[in-house]
Amino acid sequence: MKKKILIALLVVACAVGIGLAGFFGYRALAPQQAEETTESETTEPTETAATSEEADFSSISDVASLTTIEACYHHVAKFTYEADEGLTGVWKHGYKKAWREYDAKAYFGIDASKVTTSREEATVTVKMPHATLVGEPKITGMGNLIVETGFWTDFTDEDEQQMSRIAQEGIANKASNDTSMINRATENAQKILKQWAQSVGKAYGEDLTVEFEFVD
């Protein structure tokens, strides 16, 4: 009888020991599993919200004002006064002929205030005028004045001032009709504005197509 009781107690003790071992083993493992679960959750990649901001071209007029190009010229100013009629004309009295070479600079560009943009999806349209002469050309150097006069005829200070006016008018007329420089300035403005617009697009993560429309 005592032997049976002892065996029963041993069985109970073993059962209790196994139960406690299982309980504490579970408690020891539970935090680790929770930690692993937490770590797994925090390392999962999260999606970044896409930005709805588009490229800003509001400063295009400032860029357009920087597209001006310079042209250098070598030109000639000249005038002729015919001799008096009558007997004095025999000696070419009053006859004057003058010649002077000179250098000048002129600038060509577009009217930046007229440059605008519009957009449709990935295409940006730049509206701009053709280039023109900007301001008045400037004379940068004058050569020697060559003068031929008739008998008893002087080349006066007023005549020299007239030569300066002729030179200024001549270079202004030449530059304003210089289609080669006007075309070059127009193409230069298109090139710079296209590069700028595309670089702005890239800054916003956009690959843009740039087209042009003239508004003359």
Closest approach of Phe155 to Phe79 (non-hydrogen atoms, all atoms of both residues) | CE1-CZ, 3.5 Å
Taking atom CG of Asp207 as the centre, report whether more than 12 heavy atoms of other residues, nucleotides or ligands fall under 6.0 Å from it.
-> no
List for me each residue that meets salt bridge (Lys or Arg N to Asp or Glu O under 4.0 Å) alongside Arg119, sequence neighbours excluded, and say none if there are none.
-> Glu206
Under the salt bridge (charged side-chain N to carboxylate O under 4.0 Å, His left out) rule, what pairs show up with a residue in residues 155-177, not counting sequence neighbours?
-> Lys96-Asp159, Arg100-Glu160
With no hydrogens and no angle check, do the side chains of Thr156 and Asp154 hold a donor and an acceptor under 3.5 Å apart?
-> no
Which other residues belong to the hydrophobic cluster containing Met181, where Ile, Leu, Val, Met, Phe, Trp and Tyr are joined when side-chain heavy atoms lie under 4.5 Å apart, directly or via other members?
-> Ile69, Tyr73, Tyr102, Phe108, Leu133, Ile139, Met142, Ile171, Ile182
Closest approach of Thr186 and Ala131, non-hydrogen atoms and distance?
-> OG1-N, 2.9 Å
Shortest non-hydrogen contact from Ala106 toward Ala175 = CB-CB, 4.0 Å
For the student: nearest non-hydrogen atoms of Thr140 and Ala104, plus distance | OG1-N, 3.7 Å
By ring-ring contact (aromatic ring centres under 6.0 Å, His included), Phe214 pairs with (sequence neighbours left out) His130
Mind checking whether Glu213 and Met128 have side chains closer than 4.5 Å, heavy atoms only?
-> no
Return yes when atom CG of Asn177 has more than 12 non-hydrogen atoms of other residues, nucleotides or ligands closer than 6.0 Å, and no otherwise.
-> yes
With rounding to the nearest 0.5 Å, note down the distance linking OG1 in Thr80 to CH2 in Trp99.
-> 10.5 Å
Is the shortest heavy-atom distance from the side chain of Phe212 to the side chain of Thr125 under 4.5 Å?
-> no
Rounded distance (nearest 0.5 Å) linking atom CG of Leu66 with atom OG of Ser61 = 11.0 Å
Here the pair of heavy atoms bringing Ala189 nearest to Ile110 is CB-CD1, 3.8 Å
Going by atom types only, do Ser180 and Asp178 share a side-chain donor-acceptor pair under 3.5 Å?
-> no
Does Leu208 reach the side chain of Thr123, with side-chain heavy atoms less than 4.5 Å apart?
-> no
Kindly give the heavy-atom pair with the smallest separation between Asn188 and Thr67, and that separation in Å.
-> ND2-O, 2.9 Å
Quick one: list whatever passes side-chain hydrogen bond (donor to acceptor under 3.5 Å, both in side chains) with His74, sequence neighbours left out.
-> Glu101, Asp103
For Tyr107, the hydrophobic cluster (side chain heavy atoms closer than 4.5 Å, chained through members) also holds Val134
Output for pair (Trp196 CH2, Ser59 OG), nearest 0.5 Å, gives 4.0 Å
